[in-house]
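Here's the structure, in structure tokens; my notes come after.
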Amino acid sequence: MPDLQKIYDPKSVEQPTYQRWLKSGYFNPDKLPNAKKRKPFSIAMPPPNVTGELHIGHSLDLTTQDILTRWKRMSGFASLWLPGTDHAGIATQILVERTLREQGISRYAIGRETFLKHVWQWKEKYGERIVEQIKRLGASCDWSREHFTMDPRLSEAVQTAFVRLYHDGLVYRGERVIHWCTDDQTGISDLEVDYREEAGTLWYIRYPLLTGNEYVTVATTRPETMLGDTGVAVHPDDPRYKKILGQRVKLPISGRIVPIVADRAVDPQFGTGAVKVTPAHDVLDFEIGERQGLSKLVVIDHHGRMTAAAGRDFTGMGTLEARELVVRLLRESGNLVKTEDFTHNVAYCSRSATRIEPLLSRQWFVKTKPLATLALAALRSKKTVVVPERFAKVLVRWLTNIRDWNISRQLWWGHRLPIWYCIACDEPVASIKEPKATCRRCRNRGYRHDDDTLDTWFSSALWTFSTLGWPKKTKDLRRFHPTAVLGTGWDILFFWVARMVMFSRYFLKEVPFKTVYIHGLVLNQQGQKMSKSKGTGIDPIPMAEKYGTDALRLSLVVGTAPGLDFRMSEQKIAGQRNFCNKLWNVSRYVLTQPPLAKGGRRSRQAPRGGGSRGGTFADAWILARLNEVTSTVTQHLDKYQFGLAVEALQQFLWKDFADWYVEIHKVEKNTAVLRHVLRQCLILLHPFAPFITEAIWKAMGEKRLLMIESWPTNKNRYQHELRTIQGFKNFQRLVIGLRNLKIHGANNQPLSIQPTTKLNRELLARLTGVAFADQAPTEADRVVIADEQLMVPGAVAKQYADWRRREVEQLNRYIAQKEQLVANAKAPEHVRAQAQADLNAARSRIAELE
RNA sequence: GGGCGGCUAGCUCAGUUGGUUAGAGCGUCACAUUGACAUUGUGAAGGUCAGAGGUUCGAGUCCUCUGCCGCCCACCA
């Protein structure tokens, strides 16, 4: 028997165990026993940022996916969990840029090539770290299939996808107002913008009509943009403005003359019902300008400074400075009518937290409507099922109202757009490699590569199939796509999940995953999303070191439900550490039991617990419960109810097995059953707590790895087993009753009683601390516990009766309730029958008490 | 403006199709203990399931409304 330490020490177990798994090759589905006969089950790991650090959210992601992967592997599937990392364009570039800046290096000074070298160095340096951390969590993914979104093969997939979309007319270049981040110097998509409610000012400005002495008054939160106004818009049906429609105004300050136009986008209720239109610096204004044929005047540049077009007095000014000057000039000229306090939503870059500058810009867009239609069909036909279901509605709504996706980024780190422009005439050509042919428009040769890179989510959207070899028709792609499950948090539903469905349906004509399992987010004790920058997070790695990885994993699963956020605390992890220790020690007990008698059956075979084969009642009970739990756990896993699955297992292992069965085993030894139950517990628990279970498994002398042991299916022995479980409850009632008799009847003093029927005195004495005698104690009184009549000292009986009075009251209430149900003619027969049975039981118990 | 989620024991949370006396962990109280385990055991206390109404023989669970807390989407010049 191997020596197990008194306390479970995860440190000495985890690393060697992971190495054993790696060495076995079983993370690779091709190397599993009977690999060819297995049906595929695959999960694509959401790739973490290559230079990032593992946070608690990753841990949750990884834990749930590892549970599924391991469970399916044990259930006989060719289980593939494909890992990888993401180049995370903007996030990584900002990070590296910031570090360089601290050394006084600007990326512009060193140039694109050199900067990228720095980023690659960074990637080499830190890329390994996150992978190590993933391994640390016990993730059973196939590292031979690991990918990085900027691997040459994946880059090829990205370019292929782009070129195809281009030729199909689903990618286009357009000039429009986009969200521009002046700090990161790039355009970003709608999803990368955060809105914050802020107190601001609404300025009312008078624009004089060109003819006559009249004015039209407009309201704005950004007066400086009036330098770029090229029109004033009113609602076509607004009676106030009917007569000035088509007239022109002369803008104060710039003196430019612009038309008054009618557009339905104007809300007559807001402000004065007349809007200044700045098509180059506002999304809505741009749309009005397009419809009404207004010119576009760029007055703010990429750095948030006023351009020459803003006027000589303003050139080079920051927008806020320009605003002050504009307001002052308006006030001086008497054109500032009034100001109002005003709260509105201000757009910020979600990365750099700088204010977004809406800017007219030429960018590449994905035409999303046709793709969204494909995705919607997949969701509606349940080709992809969303768990929990309500998130499907969220996706459907987003896809229904989808807008074109700005995919070009003015970043250096990322997939460069496979777009080439003719040097002579600027005609764009989509091509992975530099085109050799002459320009189709001007017949000249020579191209320049587009400087921009793609939104990082563009490559992520291909992840489930690019990692399997697409665009090549590989064996892996055929076998493992569509993947079985995608597991992720609801926070990247739009960024990633929706786009994966769109692209997969478009390029492969199939869904990327059959199920998407959405877990909640991990919150801190204040109920906020854990955030490293705010220092409110729980760092998983130190927790795993302190309490063990299994404890961390379990704590991320226990007490959670699909899609619901939950709070995390160190205390919770400590609680799961205690459970691991319990498992460890109960195993120690099992291992100290002498080996089976010669000729006895091997523990590998499921022993029969029934009485006729020599098994005790307790054996039959624990085996029945084991079967019940096996089925419960499997059912919960089928529904992604990880929390319920673990809860059922832990209750069984700790309460039923350790507290009851093991204690009974100390008196009535049936080590075959003991070992069998532990063995099966290890199997069932392995997907959740892989390290400790594998270690104990080995200590039990098993030769094969637990990770490929077969997942048990329970045999239908239900009726028989339910009766056994029910019967055992009676025994438990007797034990608990005797314990209470001793504590509350005899003040925990030594107590000797005389049973009137035959009982297993040794066992009961051991479990309850009550001594049994053949003679009745002096001045004995009769007490009935669980149908057993016991002679106890009169004083004890009295005190016990007093103590139990509460219980009588409770029972009376219960009985009344059951009587009502029994008398209820409309209740179904089986419900009434059950109620009758409960009633009878309660009546007999109350008879005991009184 | 539109939508979603939460409100269950002091705290953190489960509770799958309506039907055992609504559960767990932590915490609390009392007690125990040198042989698997104090990262323990035993026993106990603690809940009008946010509120109101409805459907039903029966509601934590289904419907309507209200209140608080959190989130998402849209963006208002």
Side-chain angles (χ1 to χ4, degrees), chain A residues 4 6-8 190 195 202 218-222 225 233 265-267 269-272 274-278 282-285 288 342 344-345 347 390-391 393-394 397-398 401 490-491 493-494 520-521 523 525 527-529 547 551 555 558-561 563-569 571-572 574-593 635-636 638-639 641 643-644 647 650-651 658-659 662-663 666 736 739-740 742-744 747-748 767-769 803 810-811 813-815 817-818 820-821 823-828 830-832 834-835 837-838 841-842:
Chain A
L4 294 191
K6 195 167 175 179
I7 286 175
Y8 172 56
D190 299 344
Y195 290 94
L202 195 57
V218 298
T220 181
T221 51
R222 298 191 64 194
T225 61
V266 179
D267 177 7
Q269 308 299 317
F270 188 91
T272 62
V275 194
K276 60 188 273 309
V277 185
T278 324
D282 183 277
V283 177
L284 186 69
D285 288 9
I288 295 175
F342 185 63
H344 59 144
N345 286 324
R390 67 188 145 86
F391 287 110
K393 276 186 271 175
V394 180
R397 201 195 335 256
W398 187 77
N401 302 313
W490 50 258
D491 50 336
L493 228 44
F494 307 141
L521 304 185
L523 308 176
Q525 274 146 316
Q528 304 154 318
K529 187 176 170 181
Y547 299 104
S555 69
V558 170
T560 70
L564 294 184
D565 300 347
F566 61 96
R567 280 165 221 226
M568 194 54 182
S569 65
Q571 205 179 33
K572 194 175 172 189
Q576 290 306 318
R577 184 267 321 265
N578 295 355
F579 171 77
C580 289
N581 198 53
K582 189 72 185 180
L583 169 63
W584 185 258
N585 276 296
V586 85
S587 304
R588 270 176 13 113
Y589 173 79
V590 173
L591 289 167
T592 55
Q593 295 312 298
Q635 279 171 30
H636 286 321
D638 270 326
K639 292 176 184 165
Q641 287 278 8
L644 292 178
E647 201 186 325
Q650 295 194 326
Q651 288 298 315
D659 290 347
V662 166
E663 290 310 313
K666 288 171 182 171
I736 291 167
R739 283 169 179 163
N740 273 322
K742 178 147 191 284
I743 294 173
H744 300 287
N747 300 324
N748 226 350
L767 294 178
T768 63
W803 180 78
Q810 271 178 13
L811 269 171
R813 273 196 299 269
Y814 178 59
I815 286 167
Q817 208 175 319
K818 288 295 162 189
Q820 213 174 356
L821 189 50
N824 185 340
K826 288 189 179 171
H830 70 277
V831 173
R832 292 174 66 190
Q834 183 59 48
D838 295 340

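Residue numbers begin at 1 in each chain, while the letters A, B, ... track the order of the sequences. Keep in mind it's a predicted model, so treat the numbers as computed, not measured.
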Handout entry: Side-chain donor/acceptor contact of E663(A) with base of rA36(B) under 3.5 Å
Key =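 Such a pair exists between side chain and base.
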Problem - Heavy-atom donor-acceptor pair, N345(A) side-chain to rC75(B) base, under 3.5 Å - result: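 Checked by distance alone, the answer is yes.
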Consider the side chain of [X], meaning its heavy atoms from C-beta on, and name the nucleotide among [options] that approaches it most closely.
X	options	result
L821(A)	rG43(B), rA77(B), rG19(B)	rG19(B)
V586(A)	rA36(B), rG27(B), rC76(B)	rA36(B)
I743(A)	rC76(B), rA77(B), rU42(B)	rU42(B)
N585(A)	rA36(B), rC31(B), rC26(B)	rA36(B)
Q810(A)	rC31(B), rU21(B), rA36(B)	rU21(B)
R397(A)	rG3(B), rU39(B), rC72(B)	rG3(B)
H744(A)	rA44(B), rC31(B), rU39(B)	rA44(B)
K582(A)	rC76(B), rC57(B), rC37(B)	rC37(B)
Q651(A)	rA36(B), rA24(B), rA77(B)	rA24(B)
D838(A)	rC37(B), rG43(B), rU20(B)	rU20(B)

Nearest whole Å is fine: how far is [N] [atom2] from [X] [atom1]?
X	N	atom1	atom2	answer
D190(A)	rC72(B)	CG	C1'	15 Å
I7(A)	rG35(B)	CD1	C1'	15 Å
Y195(A)	rG1(B)	OH	P	18 Å
F391(A)	rG3(B)	CZ	C1'	13 Å
Q650(A)	rA24(B)	CD	C1'	10 Å
I288(A)	rC75(B)	CD1	P	14 Å
Q576(A)	rC26(B)	CD	C1'	11 Å
Y8(A)	rU40(B)	OH	P	16 Å

Within the 4.0 Å heavy-atom criterion, would you say [X] contacts the bases, only the backbone, or no part of the nucleic acid?
X	result
W490(A)	sugar-phosphate
N824(A)	base
V277(A)	nothing
A658(A)	base

Problem - Earlier contact from the 5' end, RNA chain B, for T272(A) and A842(A) - result: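 Result: A842(A).
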Problem - First of I736(A) and F579(A) reached from the 5' end of RNA chain B, by closest nucleotide - result: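 Residue closer to the 5' terminus by nearest nucleotide: F579(A).
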Is any side-chain N or O of [X] closer than 4.0 Å to OP1 or OP2 of [N]?
X	N	value
R739(A)	rG43(B)	yes
K276(A)	rA77(B)	no
K818(A)	rU21(B)	yes
N578(A)	rU40(B)	yes
R588(A)	rC37(B)	yes
K666(A)	rA36(B)	yes
K6(A)	rU39(B)	no
N740(A)	rA44(B)	yes

[N] versus [M] - spacing of their [atom1] atoms, nearest Å:
N	M	atom1	result
rU21(B)	rG58(B)	C1'	16 Å
rU12(B)	rG19(B)	C1'	29 Å
rU16(B)	rA36(B)	C1'	36 Å
rA22(B)	rC37(B)	C1'	31 Å
rU40(B)	rG47(B)	C1'	28 Å
rC13(B)	rA9(B)	C1'	11 Å
rU61(B)	rU17(B)	C1'	10 Å
rA50(B)	rG70(B)	C1'	15 Å

Handout entry: Within 6.0 Å of CD in Q810(A), more than 12 heavy atoms from elsewhere
Key =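 Yes, the 6.0 Å shell around CD holds more than 12 heavy atoms from other groups.
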Handout entry: Base versus backbone protein contacts along nucleotides 10-17 of chain B [heavy-atom cut-off under 4.0 Å; B, S, -]
Key = --SSSSB-
Kindly give the heavy-atom pair with the smallest separation between [X] and [Y], and that separation in Å.
X	Y	result
W490(A)	G563(A)	CD1-O, 4.2 Å
K276(A)	D285(A)	O-OD2, 3.3 Å
R390(A)	L564(A)	NH2-CD2, 3.6 Å
C580(A)	A551(A)	SG-N, 4.0 Å
T221(A)	L202(A)	CG2-CD1, 3.8 Å

Handout entry: Under 3.5 Å donor-acceptor, N581(A) side chain and R577(A) backbone
Key =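 It does not hold such a pair.
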Handout entry: Sidechain-backbone polar pair: D565(A) side chain, L521(A) backbone, donor-acceptor under 3.5 Å
Key =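 Between the backbone of L521(A) and the side chain of D565(A) there is a qualifying donor-acceptor contact (under 3.5 Å).
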Practice task
Show your reasoning for whether side chain to side chain donor-acceptor pair (under 3.5 Å) applies to D838(A) and Q834(A).
Solution key: CA-CA 6 Å; D838(A) 295 340; Q834(A) 183 59 48; 3.0 Å; yes
Practice task
Mind checking which stems touch RNA chain B? I mean at least 3 consecutive Watson-Crick or G-U pairs, both distances under 3.5 Å.
Solution key: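 Paired runs of 3+ in RNA chain B: B:1-7 with B:67-73, B:10-13 with B:23-26, B:28-32 with B:40-44, B:50-54 with B:62-66.
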Just so I know, are the side chains of [X] and [Y] near enough to count as touching, which here means a heavy-atom distance under 4.5 Å?
X	Y	result
L523(A)	M568(A)	no
R588(A)	K6(A)	yes
Q650(A)	Q576(A)	yes

Practice task
Would you please classify the geometry between the Y8(A) ring and the W584(A) ring as parallel, tilted or perpendicular, with 30° and 60° separating the classes?
Solution key: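 Ring orientation, 0 to 90° scale: tilted.
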